[in-house]
Structure formats: C-alpha cells, structure tokens
Enquirer: 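Right, I'll just put the structure down here and ask away after.
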2 protein chains.
Amino acid sequence: MTSHIHCQNCSMATLCLPYQLSPEQTEKLDTVIQRHRPLQKRNILINSGEPLKFLYAVRSGSLKSYTLDSQGSEQIIDFHLPGDLIGFDGLIDGQHRSYTQALETTMLCEIPIQSLDQLSAELPGLRKQLLRVMSGELHASKTLLGTLNHHTAQQRLANFLVTLSSRFQQRGLSSREFRLSMTRADIGNYLGLSVETISRILTQLQNDGVVAVQNKLVAITEPERLRALAS
Amino acid sequence: MTSHIHCQNCSMATLCLPYQLSPEQTEKLDTVIQRHRPLQKRNILINSGEPLKFLYAVRSGSLKSYTLDSQGSEQIIDFHLPGDLIGFDGLIDGQHRSYTQALETTMLCEIPIQSLDQLSAELPGLRKQLLRVMSGELHASKTLLGTLNHHTAQQRLANFLVTLSSRFQQRGLSSREFRLSMTRADIGNYLGLSVETISRILTQLQNDGVVAVQNKLVAITEPERLRALAS
DNA sequence: ACCAGGACTTGATTTGCGTCAACGACGCGT
DNA sequence: ACGCGTCGTTGACGCAAATCAAGTCCTGGT
C-alpha cells in the first residue's frame with residue numbers, strides 16, 4: 001500500500017498555500033484538499049467561462065493558460081510549474097477567465113474555494129499567504145508587461161530563460177539545465193514573437209556560447225552573460 | 001464647517017473596499033482609514049523599495065505607476081483613476097515594487113495594512129472584496145499582456161481608449177468625452193509604442209472620424225467603430 | 001504679457017521582426 | 001520498422017513602427 005499524499009509531506013508546500021502554517025494548521029488545510037486524477041498532455045483542465053469552484057495547485061508536470069481572441073486564436077498568458085496555484089483570475093466574478101491545458105502529464109491538487117474562504121477566516125497565515133501569492137502573480141505579470149513593451153526579441157527570450165531558470169531553482173531543480181515542456185510556438189506566442197524568431201535567437205544564443213540547446217533541453221552555459229542580455 | 005469625508009458618503013465606495021459591506025461594517029472600515037494630504041502634480045506618493053505600510057485609494061485625480069529599468073528609464077505599468085486601490089504588488093514581501101506619481105492634483109485615502117488584515121478576519125465581505133479587487137487587477141494585467149503581444153499600434157491605442165472610456169463610465173463620468181491626464185509619451189510608454197506613433201495614430205483616428213482630439217481632450221464620436229478597431 | 005521649456009505634430013529614413021516558403025528532424029501510432 | 005504529422009530550422013523579402021530631424025503649439029512661471 002502506497003503512502004497517501006498530503007500537504008504535510010508535499011515537497012512543494014513552501015511555495016504553496018501551507019507556507020508558514022504550523023503542522024496543525026497545515027493538517028487542517030489538507031483535509032479540504034482533494035487530489036485530482038492525473039491530467040494527460042493536451043487535456044484541458046479549465047475552460048474559460050466555467051464557474052470557479054476550485055483553485056488548483058500543480059504537484060508535478062506543467063500547464064499553459066491562454067485566452068482566445070475574437071478570431072479564435074490563442075493568447076498564452078501563463079505557464080504553470082509545480083507549486084503554482086491556478087485560478088486566481090476568476091475570483092473577481094466566480095468565473096474562470098481563461099483556458100488551462102496540460103503541456104505534459106500533470107498531477108494536481110483541488111482546493112474548494114468555499115472551504116478556503118472559511119478556513120482563511122480563522123488562519124491569519126493562510127490569509128496572508130493567499131494575498132502573497134496573488135501579489136506575486138500580479139507583480140510578475142506587471143514586470144513581464146514592462147519587459148515585453150520595451151525590449152528586443154533577444155532580451156525577451158533571454159529574460160524568459162532567466163525567469164524559468166530561477167523558477168526551477170526555487171523548486172529545487174537545476175537552474176543550469178532544464179527541459180522546455182512548451183513548444184517554440186508557445187514561447188513565441190507568450191513573448192509576442194514568431195516561432196521563427198524564437199528559433200533564430202536560440203541558435204544565435206547557442207553560437208554565442210551562452211546556452212546549449214538540444215531540442216527541448218536547454219543548458220545555460222554562461223548564466224551571467226544571459227542575465228546581462230536579459231537586461 | 002465642511003462635512004468630513006467618510007467611506008459612508010464617498011461616491012467611489014462601490015468600486016472600492018466598502019463594496020457589498022453593510023453600513024455598520026463600512027463604518028468600522030472607515031475608522032481605520034486616514035485621509036491623506038492632497039498630492040500635487042509630479043509629486044511622488046510611493047518610492048520603489050519602501051516598506052509597505054498602507055494601501056492607498058484614489059479619491060480624485062490620477063497617478064501613474066512605473067518601474068525603472070537597469071538604464072534608469074521609466075516603464076509605466078499602470079494608470080490609477082478614482083476608486084482604484086494602489087499597493088497590492090507589495091504584499092508579497094512588504095515592500096513596494098514600483099514608483100507611483102501624481103499626474104495631477106490628487107486626493108487619497110490611506111489604509112493601514114495591519115488594520116485591514118485584522119478587520120478582514122471578522123468581515124467575510126471585506127475579505128472577498130480584497131480578493132475581488134486583486135483578481136480584477138490580475139485579470140486586467142494579463143488581458144493587457146495578450147493585447148499588447150498580438151496587436152498593431154492602432155489596435156493597442158484603440159483598446160487603450162476603449163478601456164479608459166469604460167473606466168470613466170464605471171465612475172459615473174462620461175464615456176464619450178474625457179481628459180487624458182497623462183502625456184502622449186506616457187501612453188506610448190505604457191503601450192510599448194513611440195510618442196510619434198501615438199500622435200500619428202490619434203490624428204489618423206481623428207481623420208477617420210472615430211474620435212475628436214483637442215490637446216488633452218478626447219471625444220469618442222463613434223464608439224462602435226473604435227471598439228471594432230480595438231478588436 | 002512674455003518668455004522658456006516641455007509637449008505635440010509631421011515628414012524622411014532605417015531597421016527589427018513578421019511573413020512566406022522550403023526543407024529537415026523528431027516522435028507517435030500502427 | 002515505417003510513415004505521417006507536428007515541430008523546428010533556415011533563408012529571402014516586405015512592412016510596421018522606431019529613430020532621426022525639424023518645427024509648432026501649449027503651459028506655467030516671472
């Protein structure tokens with residue numbers, strides 16, 4: 001018999017809602033959380049317009065969130081890694097505002113909004129962490145806005161790689177070498193660039209000796225220079 | 001003797017924290033809120049890096065928020081109108097993450113973070129509204145990201161005007177005619193376009209009969225066509 | 001009322017990146 | 001193991017918007 005998964009023994013707990021909760025408080029939180037069935041690559045977790053009943057926490061794998069514009073084409077607004085929470089943008093009116101789709105096989109936790117609200121009344125730490133996480137997302141989103149608005153294609157891509165790298169590091173993974181679970185087209189869409197430009201700049205960065213790319217695998221050979229390029 | 005300003009008689013209450021609070025609850029909230037001295041044009045309310053002690057609510061006037069990049073140049077990330085709340089991006093670590101500067105003479109309310117947290121433990125409606133407001137900002141920011149990434153200069157500017165127009169309408173002001181408190185350079189910076197492009201597209205929109213522009217004053221003569229251009 | 005400095009407009013030129021096109025390389029399903 | 005579809009790379013070309021430049025119009029301060 002395999003041991004069940006609980007917040008108490010989850011390696012992502014420090015990035016997730018239990019952050020700074022006591023063991024007893026974490027256990028309380030754990031009781032309202034359901035483990036979601038694994039989501040296969042390309043499967044959709046959330047459709048835009050659906051009522052918001054749960055927040056989701058990523059346990060493993062990765063996903064992308066996107067909206068559809070009037071012509072029906074994707075606009076990617078986020079990539080989610082383990083430890084990330086999904087669904088905050090729907091709190092405004094109880095409806096999800098975007099689609100969320102698995103980029104690979106993905107494990108999730110399901111957190112009922114209503115229980116979360118009730119619990120946050122009695123746990124100041126949970127309240128604080130909720131605000132922290134949303135504030136962090138808000139900050140990331142606004143920083144990205146500034147980055148995209150005022151930087152060249154090379155700077156945008158360098159910035160994207162640096163940000164990914166530091167997110168992997170926060171999660172206890174290598175910041176030097178990682179796998180891109182999204183396609184080049186996804187990256188381009190997210191950064192407001194064409195696939196061709198992403199491809200060209202990756203080979204250029206490789207020729208400059210800043211990174212080494214092999215299909216989905218990226219190794220950052222000179223982190224300092226990459227960070228300088230991200231500017 | 002002039003009547004004092006309170007949340008109870010503030011015309012922005014429905015956009016602000018008191019939304020959906022009972023009169024008694026609003027009064028409770030009111031007791032922890034201070035009215036800030038008027039801020040003159042170009043004065044700075046918040047410096048990046050400062051400890052976050054208060055949230056601010058705009059009573060009248062307007063402000064811009066921006067970060068400075070490594071070369072010290074401004075990256076505008078937000079314009080704030082009456083009813084808006086300022087400071088959420090600092091909740092993550094108790095530090096403001098951007099500068100906020102008045103675009104004109106501006107009146108503000110000052111809300112101590114700590115009192116707000118305490119109060120939100122006992123008022124579910126306040127808790128909900130806090131999350132709603134942050135969620136709304138998050139959504140707006142991500143929508144803007146999609147817009148800027150995938151649209152032409154004309155679409156961006158049209159979108160900017162439509163968004164401003166609807167924000168004025170929410171505030172009980174005319175959606176057809178309003179004053180731009182920010183400069184063309186500010187708009188360009190915000191939208192990732194040059195001043196010249198903003199200027200050219202404004203005259204072009206005017207020649208097309210969609211808007212009438214006179215210095216800072218904008219009249220939207222054909223809202224439908226403008227909305228279509230925003231796509 | 002005037003002057004100075006910033007804000008705005010308009011035109012000429014350049015350029016970074018998108019688009020189009022062709023091809024090569026994976027990887028998944030049979 | 002093979003073939004087909006998606007993904008990725010590379011090159012040629014065109015265009016939207018940046019940059020450069022010059023001039024006019026506001027605005028606020030004396």
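Values reported hereafter were calculated over all heavy atoms of this structure, with side chains retained and with hydrogens, waters and symmetry mates removed. Every chain is numbered from 1, with letters handed out A, B, ... down the list of sequences.
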Enquirer: Can you measure A/Leu202 atom CG to C/dC17 atom P for me and round it to whole angstrom units?
Expert: 14 Å
Enquirer: Which is it for B/Cys7 and B/Ile33 under the side chain to side chain contact (heavy atoms under 4.5 Å, CB included) test, yes or no, and what are the steps along the way?
Expert: CA-CA 9 Å; B/Cys7 290; B/Ile33 294 181; 3.6 Å; yes
Enquirer: What nucleotide among C/dC20, C/dG18, C/dT9 has an atom nearest to a side-chain atom of A/Leu193?
Expert: C/dG18
Enquirer: In Å and rounded to the nearest 0.5 Å, what is the CD to CG distance from B/Gln204 to B/Leu157?
Expert: 9.5 Å
Enquirer: Among C/dC8, C/dT19, C/dC17, which nucleotide sits nearest the side chain of B/Thr183?
Expert: C/dC8
Enquirer: How many Å lie between CG on B/Asn149 and P on C/dG18, as a whole number?
Expert: 10 Å
Enquirer: When rounded to the nearest 0.5 angstrom, what distance separates CD in A/Gln101 from CG in A/Asn43?
Expert: 8.0 Å
Enquirer: Quick one: does A/Arg200 reach the base of C/dG16 with a side-chain donor-acceptor pair under 3.5 Å?
Expert: no
Enquirer: When you measure from the side-chain N and O atoms of B/Thr203 to the phosphate of C/dT10, is any distance below 4.0 Å, counting only OP1 and OP2?
Expert: yes
Enquirer: State, to 0.1 Å, how close B/Ile92 and A/Gly136 come at their nearest heavy-atom pair, and which atoms those are.
Expert: CD1-CA, 3.4 Å
Enquirer: Specify the separation, in whole Å, of atom CD of B/Glu196 and atom P of C/dC8.
Expert: 12 Å
Enquirer: Reading DNA chain D 5' to 3', which nucleotide is the first, and which the last, to come under 4.0 Å of any heavy atom in chain B?
Expert: D/dA17 to D/dC26
Enquirer: Output the rounded distance in Å from CD (A/Gln155) to P (C/dG16).
Expert: 12 Å
Enquirer: Give a yes or no on whether a salt bridge exists between B/Glu110 and B/Arg37, defined as a side-chain N under 4.0 angstrom from a carboxylate O.
Expert: no
Enquirer: I want to verify a distance call: between C/dT19, C/dT10, C/dC8, whose nearest atom is closest to the B/Arg184 side chain?
Expert: C/dC8
Enquirer: If I take atom CG in residue B/Leu217 and atom P in nucleotide C/dC8, what distance separates them, rounded to the nearest angstrom?
Expert: 13 Å
Enquirer: Would you indicate, yes or no, if C/dG18 has its OP1 or OP2 atom less than 4.0 angstrom from a side-chain nitrogen or oxygen of A/Thr197?
Expert: yes
Enquirer: To the nearest Å, give me how far apart CZ (A/Arg42) and P (C/dG27) are.
Expert: 13 Å
Enquirer: What is the distance, rounded to the nearest whole Å, between atom NZ of A/Lys216 and atom P of C/dG27?
Expert: 9 Å
Enquirer: Please check if the number of heavy atoms outside B/Lys53 that lie under 6.0 Å from its NZ is greater than 12.
Expert: no
Enquirer: Base, sugar-phosphate alone, or nothing: which one does A/Gly188 contact when heavy atoms must sit under 4.0 Å apart?
Expert: nothing
Enquirer: Are any of the side-chain nitrogens in B/Glu196 or B/Arg184 under 4.0 Å away from the carboxylate oxygens of its partner?
Expert: no
Enquirer: Quick one: B/Asn207 CG to C/dT9 P, roughly how many Å, whole number?
Expert: 12 Å
